[in-house]
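Naming convention: chains lettered A, B, ... in sequence-line order (proteins, then strands); numbering from 1 in each chain.
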There are 2 protein chains.
Amino acid sequence: MVTAVTNTEPRRRNRRGEGGKLRDEIIAAALALLDEGGDERAVTLRSVARKAGIAAPSIYAHFADQPSIMLAVVQQEMDTLTAALREANDNADPDARTRLFAVGNAYLDFAQVHPQRYRIMFGGLWTPSVDDTSITDADLDSLGVAAFTLLVEVLGACIEEGIAHGSDDLYGDAVALWLGLHGLAHQRAVVRKMPGPADVGDRLIRALAHLK
Amino acid sequence: MVTAVTNTEPRRRNRRGEGGKLRDEIIAAALALLDEGGDERAVTLRSVARKAGIAAPSIYAHFADQPSIMLAVVQQEMDTLTAALREANDNADPDARTRLFAVGNAYLDFAQVHPQRYRIMFGGLWTPSVDDTSITDADLDSLGVAAFTLLVEVLGACIEEGIAHGSDDLYGDAVALWLGLHGLAHQRAVVRKMPGPADVGDRLIRALAHLK
DNA sequence: GACATAAGCTAACGCCCGTAAGTCTAGAAG
DNA sequence: CTTCTAGACTTACGGGCGTTAGCTTATGTC
């Protein structure tokens with residue numbers, strides 16, 4: 001993770017061959033703007049440039065257009081999320097039930113700690129217009145695959161260990177489980193205060209994983 | 001529902017005492033812009049005015065600012081959604097299980113048929129900034145209460161009829177059920193094509209209502 | 001030390017936005 | 001027929017946006 005740039009002195013130009021560093025700084029600046037709590041509309045090409053301490057057109061050396069910046073942020077944060085889920089999985093007791101709750105709660109925590117990030121990752125707003133040529137469908141389809149795969153594995157382990165009675169369709173079960181998690185995560189990322197019981201996350205996991 | 005205005009002749013001024021009609025036409029124009037498929041950013045004060053065939057400043061006679069238009073649209077569509085759920089409930093066979101699936105699927109259908117509307121209703125994007133004085137927290141809190149109440153009733157009927165084993169917390173169970181529905185509905189409203197099995201909606205309902 | 005070039009800048013264009021201030025006019029009231 | 005006013009309109013300001021075109025200046029190489 002690149003440390004956020006907070007508009008200090010005029011900014012030292014990068015050395016030759018290190019121009020690519022600015023790319024990471026631009027992403028970090030966009031992320032910082034997001035985390036500052038305004039909504040995603042505050043992340044404009046110009047505001048990102050200001051935050052990074054560069055002139056707006058300098059961005060074009062690294063990104064084709066404004067949606068491309070958002071895509072890069074989303075891709076990076078998907079990796080961050082995946083890493084968080086993996087860490088939760090690895091640090092938990094090795095039994096499948098514990099791992100399932102650990103991964104599920106890590107997912108929910110991410111949305112609660114970084115609501116703005118979660119919204120651009122899954123809220124669909126920044127999605128480029130259909131005639132955008134700089135972002136392909138493949139870019140969009142590949143988002144979040146790694147994180148979802150981990151969920152499939154853990155849910156599969158629950159069924160293998162006999163603590164959940166799955167159907168014949170593990171993938172479908174995992175989709176349903178993720179949708180439930182997403183519903184809560186998204187709501188937490190959107191609403192000022194989420195009503196409902198505190199343990200609603202665990203309830204969702206129990207019900208959708210069909211734990212015995 | 002007011003029929004959409006498509007910028008015909010210069011527009012006849014409303015009669016005296018009927019100035020309020022324009023308010024409905026403004027809401028209809030905003031809804032039409034939304035349904036045209038662009039994202040919610042396309043619904044600006046000026047674009048709404050163009051769509052309604054009026055001058056931009058004329059809106060200020062009826063709405064304090066741009067977020068207030070969105071709030072009115074959301075409030076109206078929440079009523080539309082509630083009506084759709086009620087209709088599904090009333091037209092279904094009177095047994096609780098059938099009604100539960102009818103209401104749940106009506107909810108999911110709304111999101112699929114009107115993805116843009118669903119996104120502004122639950123996507124949280126249009127939410128005014130904290131220092132906005134024209135929209136109160138009470139306005140936001142009261143949104144969707146009627147629709148949710150119906151869900152609580154139907155789920156309660158399932159438990160009463162003994163086809164679902166609820167916990168001691170009906171309200172919490174209903175929240176969990178709604179969150180699952182919302183997860184799927186939102187994803188359908190956001191993504192170009194939703195992966196996963198076709199019956200994932202029914203699976204969510206079965207699992208989260210704890211149907212026997 | 002000259003010079004080639006990567007890295008980033010300045011200036012500017014055209015567009016759309018929200019909103020304020022003041023003006024016109026059709027139709028109801030007398 | 002006049003008068004009044006609700007229900008609009010015109011004009012304008014200031015600002016932010018994405019993006020293009022062309023220029024500057026450090027940095028590494030010879």
Open item on the list: Quick check: A:Y107 with A:F148 (ring centres under 6.0 Å apart)?
Closed with: no
Task: Value in whole Å for how far the P atom of C:dC16 lies from CG of B:L33 - done: 14 Å
TODO: Return the value, rounded to whole Å, for the distance between atom CD1 of A:I59 and atom P of C:dA7.
DONE: 16 Å
- [ ] Check whether any side-chain nitrogen or oxygen of B:Y60 sits under 4.0 Å from OP1 or OP2 of C:dA20, and answer yes or no.
- [x] no
Task: From CG (B:L34) to NZ (B:K51), nearest 0.5 Å - done: 11.5 Å
TODO: Looking only at side-chain atoms of B:A55, point me to the closest of D:dG18, D:dT19, D:dT10.
DONE: D:dT10
TODO: Whole angstrom is fine here: how far is it from CG in A:L22 over to P in D:dA26?
DONE: 17 Å
TODO: Not counting sequence neighbours, which residues clear salt bridge (Lys or Arg N to Asp or Glu O under 4.0 Å) with A:D141? List them please.
DONE: none
Task: Whole angstrom value for the distance that separates C1' of D:dC17 from CD of A:Q66 - done: 10 Å
Open item on the list: Could you work out, with side-chain contact (heavy atoms from CB on, under 4.5 Å) as the rule, every residue matching A:Q187, not counting sequence neighbours?
Closed with: A:V191, A:M194, B:W178, B:L179, B:H182
Within the sub-3.5 Å range, which N or O atoms of nucleotides 11-14 of chain D have a protein N or O partner, and how far apart are they?
none

TODO: Test salt bridge (Lys or Arg N to Asp or Glu O under 4.0 Å) on B:R86 and B:D90 and set out the steps.
DONE: CA-CA 6 Å; B:R86 264 201 249 277; B:D90 295 346; over 6 Å; no
Open item on the list: Whole angstroms only, please: what is the CZ-P distance between B:R50 and D:dC9?
Closed with: 14 Å
Open item on the list: At 4.0 Å (heavy atoms only), tell me whether A:S58 reaches a base, stays on the sugar-phosphate, or touches nothing.
Closed with: base
Task: Pairs meeting criterion ring-ring contact (aromatic ring centres under 6.0 Å, His included) with involvement of residues 63-88 of chain A, two or more places apart - done: none
Open item on the list: The criterion is side-chain hydrogen bond (donor to acceptor under 3.5 Å, both in side chains); which residues satisfy it with B:N89, sequence neighbours excluded?
Closed with: B:R99
Task: Pair B:T136, B:D139: side-chain N/O donor-acceptor within cut-off below 3.5 Å - done: yes
TODO: Whole angstrom is fine here: how far is it from CD1 in A:I26 over to C1' in C:dC9?
DONE: 14 Å
Open item on the list: If the cut-off is 4.0 Å, is A:R23 near the phosphate of C:dA7, judged by side-chain N/O to OP1 or OP2?
Closed with: no
Open item on the list: I need the NZ-P distance between A:K21 and C:dA6, as an integer number of Å.
Closed with: 18 Å
Hey, what are the protein-to-nucleotides 23-25 of chain D N/O distances that come in under 3.5 Å?
residue, atom, partner, partner atom, Å
D:dT25, O2, A:R13, NH1, 2.7
D:dT25, O2, A:R13, NH2, 3.1

Open item on the list: Output the rounded distance in Å from CG (A:D65) to P (D:dC17).
Closed with: 16 Å
Open item on the list: I'd like to know if A:D199 and A:R203 make a salt bridge, using a cut-off of under 4.0 Å between side-chain N and carboxylate O.
Closed with: yes
